[in-house]
Peer 1: 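My questions all concern the structure below.
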There are 2 protein chains.
Amino acid sequence: MAAQVEVIESRSERKERTRRAILDAALQLTEDSSLVAISLRQVAKEVGIVPTAFYRHFESVESLGLALVDESFESLRGLLREVWLRSPQFQDYIDGSLPVLAEHVRAHRAHYSFIARERAAGPPRVREAIRHEIELISRELATDVARLPDGQAFSTDHLNLLADLIVSFVVTTAERLIEDPGAEARILADTRTQLRMLMVGAINWRSAR
Amino acid sequence: MAAQVEVIESRSERKERTRRAILDAALQLTEDSSLVAISLRQVAKEVGIVPTAFYRHFESVESLGLALVDESFESLRGLLREVWLRSPQFQDYIDGSLPVLAEHVRAHRAHYSFIARERAAGPPRVREAIRHEIELISRELATDVARLPDGQAFSTDHLNLLADLIVSFVVTTAERLIEDPGAEARILADTRTQLRMLMVGAINWRSAR
DNA sequence: AGTTTGAGTGAACGTGTGTTCACTCAGATT
DNA sequence: AATCTGAGTGAACACACGTTCACTCAAACT
């Protein structure tokens, strides 16, 4: 007979633990479906609570989705800002960011899988929240590049378009990493080359426009 | 009292008409949901047939999805090939393709909306079919550009990467056109500039690698 | 010690789900 | 004219759905 260990747990700790379990269950169920296709009851069953208890934590599946979006982007923005602050050259932005992204995707596969799906197919407010987060990253990149010597060659508008071009493609890359994790090495090598093509364009842009 | 007109209709015509109605109903229901979230019964109700009759046309919702993927890409590939055959310069590929894409998106909004959603969130085989179609377009672009004077500067690998870069970004653009049809003019103008940045990179690539 | 709070329960509701089966009854074939 | 074929029917199945409601009972507060 195993000894029965009684764990002392405060009320708020217990609530947080259940909330966490709900978020994790939703991530797992979303892995090969979508927020709009899973049911409150599936989530509850996965967590091991009765359907009604779900409402103590989220008012709907959609608001659960919004919480997952927040969670997903929370650490990434910080990581990227850190890399960018230490990048003296345009080139360094890629050489630094791409491995950071790849590792982040690897460490948070479920979150990225969730974002990739819901970005296109989620409830409208969830889609909008994701679009907004990506736009914030794009804007941060633009203002950062503006401070570089290379950045002086661009008008504000063109800087924003360049940042959007880069971020859009990196989003595509992240989605590919999720879709086929086994091909990570090839995907990263290809993306690196492609981003360099893009940067050659950016550096030669001033004279070409 | 209106006169009752008796329409003579062959058996296969009638079947084709119902099949068409099922495809259209699925497109409409998918407009703000997803294949994985709609039900066979919803489709049948929309068409005005009993659920069982659905099986006379498709064996599952997934195979309905595969039919819609075929339909969606059918005309686009032909249109793009036509533009590319008449493009003597690299630059012309963009100046020709972008308006063609925009008009195609406008004329087939429901299909593109379907593709945008299911590409990320559809059933696995549907996702795979869409990925495949997009890859075919990318490959065609690569072999076409290879014939141009500008294309001689690239190795086969780099040509494929360049084509993938362009096509990926254009896919993003198509998804934006679907997401916000009212912003078409701005989206197209921005994309045009961004593709030019990209081409400046391509043209200067030889000397930079 | 006595009271309040709130996370989790469990039954019940009306409705929607995919799939089965035996059927009808016009158009196509013989 | 007689037969066959197959698109569409309608009932039935066992189950899953979101939401409601009155409830328990331990931790937190007074």
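Letters A, B, ... are given to chains in the order of the sequence lines, protein chains preceding strands, and every chain is numbered from 1. Note that the structure is a prediction, hence the values are computed from the model and not measured.
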Peer 1: Considering just the side-chain nitrogens and oxygens of B/T52, establish if one lies under 4.0 Å of OP1 or OP2 belonging to D/dG10.
Peer 2: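 The answer is no; no side-chain N or O of B/T52 sits under 4.0 Å from OP1 or OP2.
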Peer 1: What is the separation between atom CG on B/L64 and atom P on C/dG18, rounded to the nearest whole Å?
Peer 2: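 Answer to the nearest Å: 12 Å.
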Peer 1: Salt bridge check: are B/R131 and B/E128 linked by an N-O gap of less than 4.0 Å?
Peer 2: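 The answer is yes: the pair qualifies as a salt bridge.
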Peer 1: Round to the nearest Å and state the distance from A/K15 atom NZ to C/dA7 atom C1'.
Peer 2: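 Whole-Å distance recorded here is 8 Å.
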Peer 1: Go nucleotide by nucleotide along DNA chain D from the 5' end; which of A/K45 and A/Y55 gets its closest nucleotide reached first?
Peer 2: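 It is A/K45, whose closest nucleotide lies nearer the 5' terminus.
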Peer 1: Please report, rounded to the nearest Å, how far the C1' atom of C/dT15 is from the CZ atom of B/R41.
Peer 2: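 Result: 11 Å.
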Peer 1: Salt bridge or not for A/E31 and A/R117, using N-O below 4.0 Å?
Peer 2: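 Here A/E31 does not pair with A/R117 in a salt bridge, since their nearest N and O are not under 4.0 Å apart.
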Peer 1: Specify the residue among B/S12 and B/V61 whose closest nucleotide of DNA chain C lies further upstream toward the 5′ end.
Peer 2: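 The 5'-side residue here is B/V61.
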Peer 1: Can you tell me how far P of C/dA7 sits from CZ of A/R19, to the nearest Å?
Peer 2: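 Whole-Å distance recorded here is 12 Å.
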Peer 1: Could you check which of C/dT19, C/dT9, D/dC17 has an atom nearest any side-chain atom of B/P51?
Peer 2: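 Within the option list, the nearest is C/dT19.
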Peer 1: Between D/dC17, D/dG6, C/dG10, spot the one nearest the side chain of A/V50, thanks.
Peer 2: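 Of all the options, the side chain of A/V50 is nearest to C/dG10.
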Peer 1: Can you tell me how far P of D/dT9 sits from NE2 of B/H57, to the nearest Å?
Peer 2: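 Taking atom P of D/dT9 as the reference, NE2 of B/H57 is at 10 Å.
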Peer 1: For the side chain of B/R56, starting at C-beta, report the closest nucleotide among D/dA7, C/dA28, C/dA12.
Peer 2: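 Selected nucleotide (nearest to the side chain): D/dA7.
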Peer 1: Ring centres under 6.0 Å, that's the criterion: do B/F73 and B/H111 meet it?
Peer 2: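 For B/F73 and B/H111, the ring centres are not under 6.0 Å apart.
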Peer 1: Once you round it to whole Å, what is the distance between P of C/dG27 and CD of B/E16?
Peer 2: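 The distance from CD of B/E16 to P of C/dG27 comes to 18 Å, rounded to the nearest Å.
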Peer 1: I need the CZ-C1' distance between B/R14 and C/dA28, as an integer number of Å.
Peer 2: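 Rounded to the whole Å, the gap is 16 Å.
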Peer 1: Whole Å only: how far is the CD1 atom of A/I49 from the C1' atom of C/dA7?
Peer 2: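 Taking CD1 of A/I49 and C1' of C/dA7, I get 9 Å after rounding.
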Peer 1: Using a strict 4.0 Å threshold on nitrogen-to-oxygen distance, state whether A/R196 and A/D95 make a salt bridge.
Peer 2: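 Yes, A/R196 and A/D95 are salt-bridged.
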Peer 1: Do NZ/NE/NH1/NH2 and the carboxylate oxygens of A/E118 and A/R127 come within less than 4.0 Å?
Peer 2: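 Result for this pair is no, no salt bridge flagged.
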